[in-house]
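These notes are about the structure you will find just below.
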Amino acid sequence: MTRHGRLFPLALLAACLPFSVHANSAPLASDPHVAWTRCGPDLVDPGWIRTWGDRLQCGTMRAPLDYDDPSSGDIDIGLVRVAAALPAGRQGAIFMHFGGPGVSPQNLLAEMAAIFQVASPAHPIDGPKRRIAEQFDLIAVIPRGLKGSTPFTCPTPLGIPAWRDTTVYLADWNWAGFVRDTRDFADTCRASPLRDHLGAYAHVRDMERVRLALGEPVLNYLGVSYGTFIGAYYAATFPSHVGRFVLDSVMNYAGTFEQQLAAHAPAKHGLFRRTVLQPALANAAFGLGSDADAVMQRLSSMPARVRGPWQARIESPAELSATLVLADWVRDDMASWTTDEAWDSLGVRLLARIGTHRFSTDDAIDAAIRASATSLASPLRPHTAAPRDLSMYYAVVCGDTAWRKSAADLRTMANTIAARFPTGSGAPVTVGLICHHWRATPRPSPPLSALAQARPMLLVQAEFDPATPLEGALNAFDASPGSRIVVARGMRAHGVFGLSATPCVERAAGIFLLTGELPVERFNHCAYVPEDPLARPVRETHDLPPAHDMRADLRDALRHS
């Protein structure tokens, strides 16, 4: 099918640790080498080490700190790979990048490889994945700055707690605190010389160095989210070395991080109204009435402590209903507080009340709302650290592309989001403030026109992606001559390939990675088909978890990366 304009509705968004530098080392570019060994539990979950055995390996490669000045020293670059199941039939390697920035790829690579490995070779949709696991090494280059490579960590954490949303706490004294805390965080991150040698410019050269070390004639690639930015950057930098590239959940790599984040709030709020609010109002069993303005007023009047984090998580009518009910309970609970210590036990009280409350007259909807409410209340208890390394996130985001907004511009953005896009969250404002103070010169980038010299790529996308919207993906697609795109209509997800039963996406990406065959048409789409674990036969194995569980785990990891 030929694309005619925008065929789909607007889908909506998204002193440091010392390191080893050998100042007098010789230039390394002519002698790349990877030393492989068994992975240790400090880098990969022990369960995956047991599962994969000798097929799972971790590697280390020396690389220049500064590729434009190799005499400046060298650092360690880490790798992880799951070797092809059938070495005699090995075709090559596929490099993978799971987004972020700041997301460690080791466990994600092991899990994606397992999803491929358990696929039935005869299955019409999943068969190519099994053959990919048999014929290709799957490899991830650990971005410099993360554990496994030479690390980068800001010595002082950001002083703004996750719940303190810049679009909720709008008073002048709050804003002054946001400006001060983001400036202090950015200032403490400047000491390490590694700060200026992170991000896409260095990472694609590290990837190319690994390709040379492994003797691969071309680089095949699967990138998700920020991984699509990396993929396009590599293709424009080394167009003659591009093999089979699949870009999944596509960032608008034709623009900047600042532009991507500026589009986040209006896009996310529009997605909320279309896929959450309207369906909730259309079904009386959710108990929200039929007045959209009244529901929005309830959201805007939620207690500030929960409003920011809870609103950002609403992706279904059940989550909306649960959020509003719990917000009322929190307000009632707070009325009796005499000290802030009551917050520490609030989650326990909410969970107790959830267990006895009837949320809906419809049994299925009642169960869905109860599950959502339990999920909302549970994070009020102690929880584990976020999967994304925030030091690395800001080092990359603030340094890869230019930031032009002033603090005054960002204050205006905060007020606009609060007034017009209340479910959009203040993350773009917080990130913008940090990057405003970061004061980094944007790293060099290749002209996107060089993509015309590279082999065409395959882009795959959910129609309703809350983090990297379809509109931005289409802008990136327009900047990629000869490439193809496949859209899963009606799918709300971040991360598509391998995580659904959508025929056009799963077959196109699998076949392309396996054989190099692209769809004939430039623009392709089909209706989203969710995974049905009972209808999708998989190879029986005692060594790997159930495919359904692995897909659910990977979906959650990509959603929060």
Will you find, in the side chains of Tyr253 and Ser480, an N or O donor that is under 3.5 Å from an N or O acceptor? yes

Lys/Arg-Asp/Glu bridge criterion (N-O < 4.0 Å) met for Arg551, Asp126: yes

What distance do Asn524 atom CG and Glu521 atom CD have between them, rounded to the nearest 0.5 Å? 6.5 Å

With Phe257 as reference, evaluate Tyr393, Tyr394, Phe229 under the ring pair (Phe, Tyr, Trp, His ring centres under 6.0 Å) test and give the passing residue. Phe229

Give me the ring orientation class for Tyr234 and Phe238: parallel if the planes are under 30° apart, tilted from 30 to 60°, perpendicular past 60°. tilted

Any salt bridge linking Arg492 with Glu463? Criterion: basic side-chain nitrogen under 4.0 Å from a carboxylate oxygen. no

For the residue pair Phe116 and Phe497, is the inter-centroid distance of their aromatic rings smaller than 6.0 Å? yes

Among residues at least two apart in sequence or on other chains, which ones pass side-chain hydrogen bond (donor to acceptor under 3.5 Å, both in side chains) with Arg507? none

Just checking, Arg484 and Phe512: is the charged tip under 6.0 Å from the six-membered ring centre and within 45° of the axis? no

Verify whether the ring centers belonging to Tyr233 and His203 lie closer than 6.0 Å. no

What I want to check is whether the side chains of Glu506 and Ser500 have a donor and an acceptor closer together than 3.5 Å. yes

Ignoring hydrogens and angles, state whether a donor on the side chain of Arg313 or Ser372 is under 3.5 Å from an acceptor on the partner side chain. no

Assess whether a salt bridge exists between Asp165 and Arg307, defined as any Lys/Arg side-chain N lying under 4.0 Å from an Asp/Glu carboxylate O. no

Residues Thr323 and Met302: closest non-hydrogen pair is CG2-SD, 3.5 Å

One thing to verify: whether Arg211 and Glu208 come together as a salt bridge, which I'm taking to mean a side-chain N less than 4.0 angstrom from a carboxylate O. yes

Over 60° means perpendicular and under 30° means parallel, so classify the ring planes of Trp438 and Phe185, tilted if in between. tilted

